[in-house]
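What follows is a set of notes on a single structure, which appears directly below.
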Amino acid sequence: MTELTLDTIDFAILADTFHAPTKGSFEFHSDWLILVDRNGDIAATVDKNQPHYGDWLAAIAAQNKLRTVEKGHYLLPGLVDLHCHAPQWPQAGKGLDLPLYEWLQNYTFPLENRYRDNAFADDIYADVVSTLLANGTTSAVYFASIHRESSELLAQHCLTQGQRGFVGKVNMDNAEQCPDFYRESSVAQALAETEQFVHNVFALPGNDIGLVSPVITPRFVPSCTPQMLRGLGDLVQKYDLHMQTHCSESDWARDYAQSQFGKTDIEIYAEHGLLNRKSVLAHSIFLTENDVAMIKDYQAGIGHCPLSNMYFANAAMQTRELLDAGVQIGLGSDIAGAPVPSIFRAAFDAVSHSRVREDGVNGRIDAALRGEANSRVSYVEAFWMATAGGGQVLDSKVGVFAPGYHFDALVIEPSRDFGNLRVYSDMDSPRDILEKVIALASRENIQRVWVQGRLVRG
Ligand code: GUN
Ligand code: FE
């Protein structure tokens with residue numbers, strides 16, 4: 001340890017810490033020391049069994065750089081929401097009895113169209129970003145609306161409030177599927193606006209480290225013409241951009257792609273140049289074996305949205321198989337296809353969803369035939385998807401506490417005075433505590449949040 005290395009350290013956190021660097025397992029380190037450099041990246045982690053741990057601690061404390069998380073509170077990586085429709089926030093909890101097509105036409109498109117009004121958008125987008133941060137979401141992948149200017153306002157709110165944002169101006173131009181009042185005026189105009197959006201987001205004042213990234217966003221196959229898909233694919237390739245879309249989400253969406261293109265969504269996206277290692281494919285329920293192989297080849301990733309799937313997907317997600325196949329996969333809230341802006345809740349729902357699938361639902365069928373054996377997902381795997389898995393999908397250094405990763409983190413405070421999370425130190429093992437956090441932590445329990453080393457909550 002030299003003075004020089006310590007000089008590059010902005011602060012260090014001393015905390016009882018959970019993270020899940022490897023799918024299927026977790027680590028708990030009591031009194032872990034995480035050194036954060038001046039860029040907000042992790043310079044080193046030091047376990048108390050390592051030699052010189054005491055020297056590090058003393059040296060950091062002597063420089064007034066030690067931040068201690070109190071005993072009984074826990075440090076976790078910040079959560080990654082791979083799929084959130086920011087403009088749908090006022091719609092959360094409404095119309096969920098409808099099938100997807102009617103829900104979009106009757107609720108979503110009229111609401112999203114209101115974001116042509118920047119003042120309306122500004123107020124709601126400020127609240128969305130702040131709500132997700134309060135729920136521990138440090139990285140959020142947002143669909144905005146078709147409007148470039150207000151989509152840029154969403155990106156600006158991420159930057160101002162300090163959230164790692166991946167923001168897309170939505171594209172939809174198919175006159176057969178999109179209402180007249182909410183549709184791009186032409187492919188050329190939409191592509192020009194999208195390219196402008198990409199430039200403007202990169203150039204936002206204060207975005208020099210790239211905290212906020214533009215995302216190419218074809219809404220889904222039914223809403224886009226082939227010309228639109230091709231033009232957007234060209235932008236993905238030209239600037240090596242993130243891409244997000246809905247993939248094989250429902251029977252209707254899957255059948256639409258087959259009837260119009262004679263292909264699966266994945267084949268269509270690939271053919272139009274839309275897939276790369278930074279693509280986020282929301283849902284991905286009806287994948288063929290070939291689709292799965294293609295997703296792996298492109299190193300694209302899936303945003304699993306378990307609660308929304310229970311409303312709109314018509315079938316259960318093959319989460320177990322995708323995890324076992326080594327496909328990159330994380331979690332999404334899918335506001336407002338599901339109403340809860342929390343990735344802890346998405347993790348809990350991923351577990352529950354898989355358990356219903358495993359057992360099956362029809363009590364008149366013999367137990368051995370009722371469900372799909374061995375399809376359960378564990379709490380620890382769900383935690384991995386909520387953090388490290390999401391980071392992999394984004395091709396970003398987030399979700400794990402390791403040198404070179406961004407310091408995006410939250411502190412959980414269990415309490416008898418608020419929320420429902422209780423920890424009994426004489427009865428609960430680290431695994432018990434982690435499972436309880438996933439099942440029971442709500443925003444009241446999220447006491448502090450950092451993104452890129454900056455304290456943004458608490
Ligand atoms: N498919 C196309 N648009 C949407 C949307 O806004 N939400 C969901 N869940 N699915 C979609
Ligand atoms: Fe969605």
Side-chain angles (χ1 to χ4, degrees), residues 81-87 112 115 139-155 158 164-174 178 183-204 207 210-249 257 265-284 294-295 298-303 328 330 332 334 390 393-396:
D81 188 341
L82 291 177
H83 187 59
C84 175
H85 296 266
E112 287 191 15
Y115 290 75
S139 294
V141 186
Y142 292 114
F143 273 59
S145 65
I146 67 172
H147 314 96
R148 175 180 60 76
E149 282 188 22
S150 63
S151 301
E152 288 170 13
L153 286 175
L154 175 57
C158 294
R164 194 177 302 285
F166 300 81
V167 181
K169 172 209 145 0
V170 170
N171 287 104
M172 45 197 281
D173 72 313
N174 181 4
C178 310
R183 191 170 73 222
E184 311 283 3
S185 53
S186 72
V187 173
Q189 165 80 7
L191 293 174
E193 287 284 293
T194 303
E195 193 160 11
Q196 185 70 53
F197 173 80
V198 168
H199 285 296
N200 290 354
V201 170
F202 280 133
L204 281 173
N207 198 23
L211 192 69
V212 179
S213 308
V215 184
I216 296 299
T217 308
R219 182 172 208 116
F220 67 154
V221 168
S223 62
C224 294
T225 60
Q227 295 73 25
M228 177 65 88
L229 293 174
R230 165 56 56 201
L232 294 174
D234 289 347
L235 290 176
V236 168
Q237 303 301 328
K238 180 172 173 188
Y239 298 103
D240 189 27
L241 296 171
H242 284 87
M243 192 285 295
Q244 64 183 338
T245 190
H246 297 90
C247 177
S248 302
E249 178 183 3
D265 281 9
I266 288 296
E267 289 162 354
I268 296 164
Y269 294 138
E271 188 170 278
H272 291 88
L274 285 157
L275 296 186
N276 67 13
R277 68 189 190 292
K278 299 194 280 190
S279 311
V280 183
L281 302 158
H283 309 293
S284 306
M294 286 176 75
I295 294 172
Y298 281 100
Q299 295 175 269
I302 291 173
Q328 299 190 11
D334 197 17
V393 171
L394 291 171
D395 204 34
S396 272

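For the residue pair L241 and N276, the shortest heavy atom distance occurs at O-ND2, 2.9 Å. In this structure, P87 and A144 approach most closely via the heavy-atom pair CG-O, 3.3 Å. Considering every non-hydrogen atom in both D173 and C224, the closest pair reads OD1-CA, 3.3 Å. Closest of all the heavy-atom pairs between V201 and A155 is CG2-CB, 4.1 Å. Considering every non-hydrogen atom in both M294 and A270, the closest pair reads CE-CB, 3.5 Å. In plain terms, the two heavy atoms of L275 and Y298 that are nearest each other are O-CD2, 3.5 Å.
Here the options are I266, L281, V221, D265, the test is side-chain contact (heavy atoms from CB on, under 4.5 Å), and the partner is S248; only D265 passes.
Contact of the L232 side chain with the L191 side chain is registered, since non-hydrogen atoms from C-beta on lie closer than 4.5 Å. The side-chain heavy atoms of N174 and M228, taken from C-beta on, include no pair separated by under 4.5 Å. Side chains of T245 and L274 form no contact here, defined as non-hydrogen atoms less than 4.5 Å apart. Annotation: side chain of E152 is in contact with side chain of R148 (closest heavy-atom distance under 4.5 Å). At a threshold of 4.5 Å between non-hydrogen side-chain atoms, the residues P214 and Y239 do not count as touching. The side-chain heavy atoms of Y269 and S279, taken from C-beta on, include no pair separated by under 4.5 Å. Between D240 and K278, some side-chain heavy-atom pair lies under the 4.5 Å cut-off.
Residue E149 qualifies as open at atom CD: its count of foreign heavy atoms under 6.0 Å is 12 or below.
Residues passing the ring-ring contact (aromatic ring centres under 6.0 Å, His included) test with F143 are H83, H85, H246, sequence neighbours excluded.
If you take NE2 on H242 and CD1 on I216, they are separated by 11.5 Å, rounding to the nearest 0.5 Å. Atom CE of M172 is separated from atom OG1 of T217 by 12.5 Å, given to the nearest 0.5 angstrom. Atoms CZ and CD, on F166 and Q244 in that order, are 10.5 Å from each other to the nearest 0.5 Å. Atoms CZ and CG, on F197 and L235 in that order, are 12.0 Å from each other to the nearest 0.5 Å. Summarising the geometry, atom OG belonging to S213 is positioned 7.0 Å from atom CG belonging to N207; distances are rounded to the nearest 0.5 Å. To the nearest 0.5 angstrom, C247 atom SG is 5.5 Å from I295 atom CD1.
Using a cutoff of 4.0 Å between basic side-chain nitrogens and carboxylate oxygens, D395 and R277 are scored as salt-bridged.
When atom types are taken as modelled, the side chain of S150 and the backbone of Y115 share a donor-acceptor pair closer than 3.5 angstrom. Of the possible polar contacts, none joining the Q189 side chain to the E184 backbone as a donor-acceptor pair under 3.5 Å is found.
The salt bridge (charged side-chain N to carboxylate O under 4.0 Å, His left out) contacts involving residues 214-225 comprise E112-R219, where partners must be two or more places apart or lie in separate chains.
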Practice task
Take R164 and V212 through the test side chain to side chain contact (heavy atoms under 4.5 Å, CB included) and record every step on the way to the result.
Solution key: CA-CA 6 Å; R164 194 177 302 285; V212 179; over 6 Å; no

Exercise for the section: Report the C-alpha distance between D334 and C84 in whole Å, list the side-chain angles of each, state the deciding distance to 0.1 Å, and finish with yes or no for side chain to side chain contact (heavy atoms under 4.5 Å, CB included). Expected result: CA-CA 5 Å; D334 197 17; C84 175; over 6 Å; no

